[in-house]
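Worksheet for the structure shown next.
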Amino acid sequence: GDSVTQMEGPVTLSEEAFLTINCTYTATGYPSLFWYVQYPGEGLQLLLKATKADDKGSNKGFEATYRKETTSFHLEKGSVQVSDSAVYFCALRSPDTGRRALTFGSGTRLQVQP
Amino acid sequence: DTEVTQTPKHLVMGMTNKKSLKCEQHMGHRAMYWYKQKAKKPPELMFVYSYEKLSINESVPSRFSPECPNSSLLNLHLHALQPEDSALYLCASSQPGQGTLNQPQHFGDGTRLSIL
């Protein structure tokens with residue numbers, strides 16, 4: 001079945017540091033890939049998405065590239081801020097399973113210190 | 001501001017109570033979802049409605065009863081819950097259909113449920 005694997009957290013960085021959160025997936029066919037962010041006490045917000053190989057999703061300084069050859073969708077940001085502290089979820093939707101719901105990774109907590 | 005509205009934001013109930021969670025969206029989406037999220041875990045799918053019909057039930061206990069009265073509303077009726085049901089309950093919506101699988105799901109802020 002479909003699965004998403006994320007790096008274990010928490011990830012603790014100083015402000016303005018470079019961020020990478022690794023995400024790899026297993027799916028049949030060509031899934032769509034998403035990064036969601038969850039701030040404390042809130043629901044999930046879509047951060048970015050990519051729907052085909054070599055697509056790059058970007059938003060608010062975050063980027064991720066859909067790599068079919070390595071089945072990866074790593075999240076990066078060049079300079080993190082304290083306000084980026086949150087839990088980040090990598091997720092996929094596969095067209096081959098008939099499911100309409102997302103398959104999530106376990107989430108990675110990011111803590112940015114001033 | 002979220003486009004999916006969930007009420008109430010917090011709910012505390014006893015194991016013998018009956019309560020309902022509500023979700024509303026006005027984006028014209030015809031697929032709606034209930035997820036359960038425990039602390040420090042990803043959301044787990046409970047139910048999916050597509051065109052107001054239940055299409056997926058992930059073997060959820062019958063003490064959770066979903067209802068989709070129209071294309072904008074989704075309810076989750078709760079009865080005789082257990083302490084382990086305490087969690088954040090998230091509603092989401094999206095466009096259904098194979099041609100829209102690249103469209104994201106939009107989530108509400110959730111209802112934080114505590115069972116005494």
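As the structure is a prediction and not an experimental result, all values here were calculated from the model. So you know, we letter chains A, B, ... as the sequences are listed, proteins then strands, and number each from 1.
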Looking only at heavy atoms, what is the nearest atom pair of A:F104 and B:P42, with distance? CB-CB, 3.8 Å

Are B:M32 and B:Y51 connected in a single hydrophobic cluster, I mean Ile/Leu/Val/Met/Phe/Trp/Tyr linked by side-chain heavy atoms less than 4.5 Å apart? no

Honestly curious: do B:M15 and B:L11 fall in one hydrophobic cluster under the side-chain, below-4.5 Å linking rule? yes

Please check if B:F107 and B:M46 belong to a single hydrophobic cluster, counting links between Ile, Leu, Val, Met, Phe, Trp and Tyr side chain heavy atoms closer than 4.5 Å. no

Check whether any side-chain heavy atom of A:L102 lies under 4.5 Å from a side-chain heavy atom of B:Y33, and answer yes or no. no

For B:P104 and A:Y36 the tightest heavy-atom approach is CB-OH, 3.7 Å

Side-chain heavy atoms under 4.5 angstrom apart, residues restricted to Ile, Leu, Val, Met, Phe, Trp, Tyr: same cluster for B:L88 and B:L45? yes

Measure the shortest side-chain to side-chain distance between B:K40 and A:S106 over non-hydrogen atoms and say whether it is less than 4.5 angstrom. no

Taking all atoms of both residues into account, what is the closest heavy-atom pair of B:L90 and A:G43, and its distance? CD2-CA, 3.9 Å

Transitively linked via ILVMFWY side-chain contacts under 4.5 Å: B:I56 with B:V60? no

Can you establish whether the number of heavy atoms outside B:Q82 located under 6.0 Å from its atom CD is more than 12? yes

Please classify the contact between B:Q37 and chain A as side chain, backbone, both or neither, with a heavy-atom cut-off of under 4.5 Å. side chain

Which region of A:L46, side chain (C-beta onward) or backbone (N, CA, C, O), has a non-hydrogen atom less than 4.5 Å from a non-hydrogen atom of chain B, or is it both or neither? side chain

Chain B contacts, top residue of A:Q38, A:Q45, A:R109 (heavy-atom pairs, under 4.5 Å): A:Q38

